[in-house]
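Let me begin by presenting the structure, written as structure tokens, before commenting on it.
Owing to the predicted nature of the structure, the values given are computational and were not obtained by experimental measurement. Residue numbers count from 1 along this sequence. Computed over heavy atoms, backbone and side chain alike; hydrogens, waters and symmetry mates excluded.
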Amino acid sequence: MNTTFTLKKLVTHPYFSMFCVLTLLFILPQYGAMPMMFASAGILTACVAAVPEQFRTRNGSLTMAICLVTAMWVGAAIISVLSLLGEIQG
């Protein structure tokens, strides 16, 4: 019996998505925009890294998924910088 713990097992577990949705909807909003952006980007990055076959296009490319992950991290960085500069309350 294989009892190793892998990222793929975590991401494909049915309770993982429920935990992510509940965390993003009910727990993180009280802490502001920065934790929500970083959590969203981190979860998407983990999913793309663990199960890339679900994010491939019809011709087998991961370009769109990688662009989306990059855009999420850039958005999180911009929100962080603006929040640290005091431009937004987050």
Side-chain angles (χ1 to χ4, degrees):
M1 186 167 145
N2 190 2
T3 60
T4 58
F5 181 74
T6 63
L7 183 62
K8 186 173 184 174
K9 285 183 183 178
L10 175 70
V11 170
T12 56
H13 196 276
Y15 292 138
F16 178 75
S17 58
M18 182 180 65
F19 172 75
C20 292
V21 168
L22 292 176
T23 301
L24 289 172
L25 287 178
F26 298 113
I27 297 171
L28 290 179
Q30 63 188 350
Y31 297 111
M34 279 192 339
M36 289 183 63
M37 285 295 292
F38 280 108
S40 299
I43 291 168
L44 183 62
T45 302
C47 289
V48 170
V51 195
E53 60 271 7
Q54 289 187 356
F55 292 93
R56 293 190 186 276
T57 59
R58 289 182 183 173
N59 62 1
S61 175
L62 273 175
T63 304
M64 293 301 291
I66 292 171
C67 289
L68 182 60
V69 167
T70 304
M72 292 283 290
W73 282 110
V74 168
I78 290 172
I79 296 268
S80 298
V81 169
L82 290 176
S83 179
L84 292 173
L85 292 175
E87 298 294 325
I88 60 172
Q89 300 296 322

CA sep, side-chain torsions, deciding dist, call: Ile27, Leu22, side chain to side chain contact (heavy atoms under 4.5 Å, CB included): CA-CA 7 Å; Ile27 297 171; Leu22 292 176; over 6 Å; no
Where at least one partner belongs to residues 37-57, residue pairs that pass salt bridge (Lys or Arg N to Asp or Glu O under 4.0 Å), sequence neighbours excluded: Lys8-Glu53
Looking only at non-hydrogen atoms, find the nearest pair between [X] and [Y] and report the distance.
X	Y	answer
Pro35	Gly32	CD-O, 3.6 Å
Ser61	Thr63	OG-OG1, 2.8 Å
Phe38	Ser80	CE1-OG, 2.9 Å
Ala50	Leu7	CB-CG, 3.7 Å

Distance, nearest 0.5 Å, that separates CG of Leu62 from CG of Leu68: 12.0 Å
Nearest-0.5 Å distance that lies between atom CD1 in Ile79 and atom CE in Met36: 10.0 Å
Is it the case that one hydrophobic cluster holds both [X] and [Y], taking links as side-chain heavy atoms less than 4.5 Å apart, direct or via other members?
X	Y	value
Leu82	Met34	yes
Leu10	Val51	yes
Ile66	Val69	yes
Phe26	Tyr15	yes

Cys47: side-chain contact (heavy atoms from CB on, under 4.5 Å) partners, not counting sequence neighbours: Val11, Phe16, Ile43, Phe55
All side-chain contact (heavy atoms from CB on, under 4.5 Å) counterparts of Leu25, not counting sequence neighbours: Val21
Considering residues at least two apart in sequence or located in another chain, which fulfil the side-chain hydrogen bond (donor to acceptor under 3.5 Å, both in side chains) criterion with [X]?
X	result
Thr70	none
Thr6	none
Ser40	none

Donor-acceptor side-chain pairing of Thr57 and Asn59 below 3.5 angstrom: yes
